[in-house]
Amino acid sequence: MTFKRTLVTTALPYANGPVHIGHLAGVYVPADIYVRYLRLKGEDVMFVGGSDEHGVPITIRARREGVTPQDVVDRYHKLIKDSFAEFGISFDVYSRTTSKTHAKMASDFFRTLYDKGEFIEKTSEQYYDPEAKTFLADRYIVGECPHCHSQGAYGDQCEKCGTSLSPTELINPQSAISGSKPIMKPTTHWYLPLDKHEGWLREWILEQHKEWRSNVYGQCKSWLDLGLQPRAVSRDLDWGIPVPVEGAEGKVLYVWFDAPIGYISNTKELCEQQPERFGQWQTWWKDQSTRLIHFIGKDNIVFHCIVFPAMLKAEGSYILPDNVPSNEFLNLEGDKISTSRNWAVWLHEYLRDFPDKQDVLRYVLTANAPETKDNDFTWRDFQARNNNELVAIYGNFVNRALVLTKKYFEGKVPACGQLTDYDRQTMAEFADVKTKVEQYLNNFRFRDAQKEAMNLARIGNKYLADTEPWKLAKTDMARVATILNLSLQIAANTAIAFEPFLPFSSKKLRAMLNMDSFSWNDLGRIDILPANRELGEVQLLFEKIDDAEIDKQMQRLADIKEQNKLNAYKPAEIKAPTTIDDFDKMDIRVGRVLECQKVPKADKLLQFKIDDGMGGRTILSGIAQSYPEPEKLVGMQVLFIANFPPRTLRGIESQGMIFSAVDADGKLVLVQPSREVRNGVQVG
RNA sequence: CGCGGAGUAGAGCAGUGGUAGCUCGUCAGGCUCAUAACCUGAAGGUCAGUGGUUCGAUCCCGCUCUCCGCAACCA
């Protein structure tokens with residue numbers, strides 16, 4: 001099958017938060033590289049993206065913030081769209097599932113399937129929150145686990161004992177939204193009978209698409225082998241696209257039905273805006289000569305390989321995806337990225353903190369892309385790749401070639417003379433770079449493809465080191481001319497090879513080389529730059545990133561970790577019951593701090609001299625780490641136990657114990673009376 | 001025993017039934033045109049553990065351990 005055009009879609013980011021490096025590494029950067037590559041080759045390609053704006057979590061966020069769901073999605077759609085644009089993700093269209101076009105498209109799609117009898121209808125009893133007036137998804141019901149009897153188990157799983165649950169098993173179920181007691185209520189939903197589609201899905205994926213990545217293929221095989229079940233495509237919710245069926249008031253399309261249709265709606269929207277360039281939307285979705293590629297993350301495999309294809313097939317007139325390149329996940333500094341825990345590098349913040357460094361992040365995310373397994377992003381690695389690879393190898397090579405040309409040939413491309421064997425050998429080393437990069441990209445191996453581009457710069461550095469034009473300049477300028485001509489040709493090649501990966505830097509480099517026009521097909525050639533061409537102004541292609549900038553980012557993450565620890569704090573369990581008699585045995589008193597200093601050679605101990613109204617006493621307390629300036633405690637009134645037997649610590653006798661509260665972060669905080677009292681009075 | 005993916009030098013990652021590779025880091029040397037950049041060389045690994053198939057296993061198979069995903073948010 002030869003294809004005439006390629007339609008590339010990217011998973012629709014959920015408009016419930018900003019986009020982070022995990023989204024970029026998993027989906028948007030590889031997709032953008034692929035699309036830019038196809039465009040460079042002059043192929044007919046469309047790049048579709050958009051925000052996914054329906055679903056329960058958005059309604060919950062809206063409720064929590066006291067705004068409408070539309071307010072929430074408006075905010076994040078704009079933030080996401082703007083940051084993608086600034087980052088150079090070259091969507092042809094970036095629309096949203098709350099658009100009018102989409103509402104009609106999704107509604108019509110559902111109706112077509114409904115009319116064809118492709119759905120089954122089922123009524124079941126589900127938990128309903130009478131206060132919030134909404135049916136509850138499993139996860140939004142909490143209660144006591146029927147197995148381990150711990151509190152706070154979710155409707156789908158108890159996190160204490162790990163048991164999978166169904167909401168009806170929970171003891172004393174509560175709505176996580178309002179806290180009220182949910183009631184059982186019958187509700188009718190439409191299901192897509194995936195089991196009906198199992199036969200052709202099996203043939204289509206397992207036989208015809210053995211070339212899909214092993215993670216994708218394996219996951220599909222697993223689902224198919226387990227047997228597919230009917231899947232609900234509607235929900236009881238007031239936020240979404242209404243189910244276009246009589247008597248279905250208060251029901252909307254399930255986001256997983258609605259969202260992938262967004263790819264189609266957004267295509268239609270684009271075609272209506274630019275018909276002269278993109279033609280009819282149906283060409284992109286219904287013509288067998290169109291190749292459909294979905295870029296997604298691994299959590300989306302089943303929807304894009306099984307559910308959505310089943311929907312398309314059930315409708316009848318659509319093509320199916322040709323490939324679904326799915327990446328694994330990117331971790332951040334060893335921990336999984338999490339929106340709710342704010343453990344992420346957010347794109348909009350990166351763009352703010354590292355202006356004009358889009359390519360650095362693009363490079364790092366591609367070099368370390370989680371193509372076969374989960375990978376880790378660290379700021380130290382980010383810095384190292386910038387400083388040691390982009391700056392030292394690529395930027396430096398370009399700079400060397402250009403500076404030498406300025407110096408010896410007034411910034412004009414010198415003529416190429418007689419080639420030596422070594423010249424020819426060097427040329428041979430990158431003659432096939434085009435084939436290699438293309439092979440890798442055609443197989444969605446972006447990491448290897450980018451590495452191949454970087455090899456050009458390595459070859460250039462080695463060529464300069466081996467030929468040493470700065471030495472020859474004293475004796476043989478003709479030879480220097482040839483060397484620099486070839487070096488500049490290598491630089492021009494590098495600009496083209498990096499174009500899909502690092503578009504901002506390639507543009508900059510092309511300006512320096514005065515390459516106003518260029519073609520992907522020039523890649524591998526050594527006569528891209530004609531002799532005597534005037535070069536542009538020399539500037540640094542990349543700049544070093546110093547430790548201070550990286551430290552700032554790492555500090556930010558450390559602060560978030562600390563904050564999460566505080567947020568996760570729960571009061572300790574109440575101790576075993578005791579009596580007033582036990583309490584009465586304690587002689588608790590108030591005293592004033594007269595002196596306070598650190599005990600030498602002890603990390604935690606502070607030595608207090610306390611005015612107890614009876615001549616004073618010495619007390620040691622292990623709170624030094626919470627009070628780095630102990631002298632500031634002098635004058636403060638504190639609580640202490642007066643009738644403990646003396647105890648010697650570090651050679652000093654401690655006559656009692658001072659009261660401190662242990663804060664959520666582990667810091668110790670001295671307890672004091674709310675107003676001045678007489679030293680030595682009792683507490684009870 | 002739920003199902004998939006993954007576990008390989010200090011770090012991050014490739015890879016293959018026959019001598020284990022890349023980038024960075026480290027160490028040594030060279031060069032000095034270049035953003036203290038570049039080039040050359042070296043050290044560094046019981047390829048998670050364990051049992052099996054095989055002339056030979058890091059690769060194939062069995063079991064064990066660990067991490068990630070499939071289940072609310074989430075690429």
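Proteins come first, then strands; the chains are lettered A, B, ... in the order of their sequence lines, and each starts at number 1.
Pairs of residues two or more places apart, or lying in two chains, that qualify as side chain to side chain donor-acceptor pair (under 3.5 Å) and include a residue from residues 393-406 of chain A are A/Arg400-A/Asn461.
Toward the 5′ end of RNA chain B lies the nearest nucleotide of A/Ser222, the other residue of the pair A/Ser222 and A/Val255 mapping further downstream. Place A/Asn300 and A/Trp223 on RNA chain B by their nearest nucleotides, and A/Trp223 ends up nearer the 5' end.
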| Paired and unpaired positions of RNA chain B as dot-bracket, Watson-Crick or G-U wobble under 3.5 Å, | denoting a partner strand | .((((((..((((....[..)))).(((((.......))))).....(((((..]....))))))))))).....
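Note: A/Tyr440 and A/Phe446 fail the aromatic proximity criterion, with ring centroids not under 6.0 Å apart. Between A/His54 and A/Tyr254, the gap from one ring centroid to the other reaches at least 6.0 Å. Between A/Phe303 and A/Trp256, the ring center distance clears the sub-6.0 Å criterion. Between A/His304 and A/Tyr263, the gap from one ring centroid to the other is short of 6.0 Å.
The gap from the C1' atom of B/C1 to that of B/G56 amounts to 33 Å, rounded to the nearest Å. If you take atom C1' in B/C55 and the same atom in B/C22, they sit 32 Å apart, rounded to whole Å. Comparing the C1' positions of B/C27 and B/G69 gives an interatomic distance of 41 Å, to the nearest angstrom. Taking atom P in both B/C61 and B/G7, one finds a spacing of 14 Å when rounded to whole Å. B/C24 and B/C38 have their C1' atoms separated by 16 Å, with the value rounded to a whole Å. Atom name C1', nucleotides B/G21 and B/C47: the rounded distance is 11 Å, in whole Å. Separating the P atom of B/U40 from that of B/C31 is a span of 15 Å, rounded to the nearest Å. Rounded to the nearest Å, the gap between the C1' atom of B/G25 and that of B/G44 is 11 Å.
With sequence neighbours excluded, the residues that form a salt bridge (Lys or Arg N to Asp or Glu O under 4.0 Å) with A/Glu452 are A/Lys436. Checked against salt bridge (Lys or Arg N to Asp or Glu O under 4.0 Å), A/Arg96 has the following partners two or more places apart in sequence or in another chain: A/Glu53, A/Asp74.
Put simply, CG on A/Asp299 is 17 Å from P on B/G5, counting in whole angstrom units. Per the geometry, OH belonging to A/Tyr394 stands 17 Å off P belonging to B/C24, to the nearest Å. In this entry the distance linking CD of A/Glu452 with P of B/U23 reads 12 Å, nearest Å. A/Trp256 places its CH2 atom 11 Å from the C1' atom of B/C74, with the value rounded to the nearest Å. For the pair A/Lys336 NZ and B/A72 P, the computed distance is 12 Å after rounding to whole Å. The CG atom of A/Leu472 sits 15 Å away from the P atom of B/C31 (whole-angstrom rounding). In this entry the distance linking CG of A/Asp225 with C1' of B/G2 reads 13 Å, nearest Å. If you measure from atom CG of A/Leu332 to atom P of B/C68, you get 15 Å, rounded to the nearest angstrom.
By the 30° and 60° cut-offs, the orientation of the rings of A/Tyr28 relative to A/Phe84 is tilted. Using the six-membered ring where Trp is involved, A/Trp379 and A/Phe382 have ring planes that are perpendicular, over 60° apart on the 30 and 60° scheme. Ring pair A/Tyr94/A/His77 is parallel by interplanar angle, where below 30° counts as parallel and above 60° as perpendicular.
Put simply, the side chain of A/Cys305 reaches to within 4.5 Å of the side chain of A/Trp212, judged on heavy atoms.
Using a 4.0 Å heavy-atom cutoff across all strands shown, A/Lys221 reaches no nucleic acid atom at all. Across all strands, A/Leu330 comes closer than 4.0 Å to base atoms (heavy-atom distances).
When all heavy atoms of A/Asn375 and A/Ala369 are compared, the pair lying nearest together is ND2-O, 3.0 Å.
Among the nucleotides B/C38, B/G69, B/A71, the one closest to the side chain of A/Gln219 is B/G69.
Of the side-chain N and O atoms in A/Arg458, one or more sit less than 4.0 angstrom from OP1 or OP2 of B/C24.
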| request: Quick one: do A/His189 and A/Thr187 satisfy side-chain contact (heavy atoms from CB on, under 4.5 Å)? Show the steps, please. | output: CA-CA 7 Å; A/His189 285 291; A/Thr187 180; 3.3 Å; yes
Could you pull out the protein-nucleic contacts involving nucleotides 32-36 of chain B (nitrogen or oxygen on both sides, under 3.5 Å)?
from, atom 1, to, atom 2, distance (Å)
B/C33, O2, A/Arg400, NE, 3.2
B/C33, N3, A/Arg400, NE, 3.1
B/C33, N3, A/Arg400, NH2, 2.5
B/C33, N4, A/Arg400, NH2, 2.8
B/A34, O3', A/Asn399, OD1, 3.2
B/A34, O2', A/Asn396, OD1, 2.6
B/A34, O2', A/Asn399, OD1, 3.3
B/A34, N3, A/Asn396, ND2, 3.4
B/A34, N3, A/Arg400, NE, 2.9
B/U35, N3, A/Phe542, O, 2.7
B/U35, O4, A/Leu541, N, 3.4
B/U35, O4, A/Phe542, N, 3.4
B/U35, O4, A/Phe542, O, 2.9

Taking only nitrogen or oxygen atoms into account, show me every contact under 3.5 Å that the protein makes with nucleotides 12-14 of chain B, one pair per line with its distance.
from, atom 1, to, atom 2, distance (Å)
B/G12, O2', A/Asn368, OD1, 2.8
B/C13, OP1, A/Asn375, OD1, 2.4
B/C13, OP1, A/Asn375, ND2, 3.3
B/C13, OP1, A/Asp376, N, 3.0
B/C13, OP2, A/Lys373, NZ, 3.2
B/C13, O5', A/Asn375, OD1, 3.4
B/C13, O3', A/Arg447, NH1, 2.7
B/C13, O3', A/Arg447, NH2, 3.4
B/A14, OP1, A/Thr372, OG1, 2.1
B/A14, OP1, A/Arg447, NH1, 2.9
B/A14, OP1, A/Arg447, NH2, 2.6
B/A14, OP2, A/Thr372, OG1, 3.2
B/A14, O5', A/Arg447, NH2, 2.7

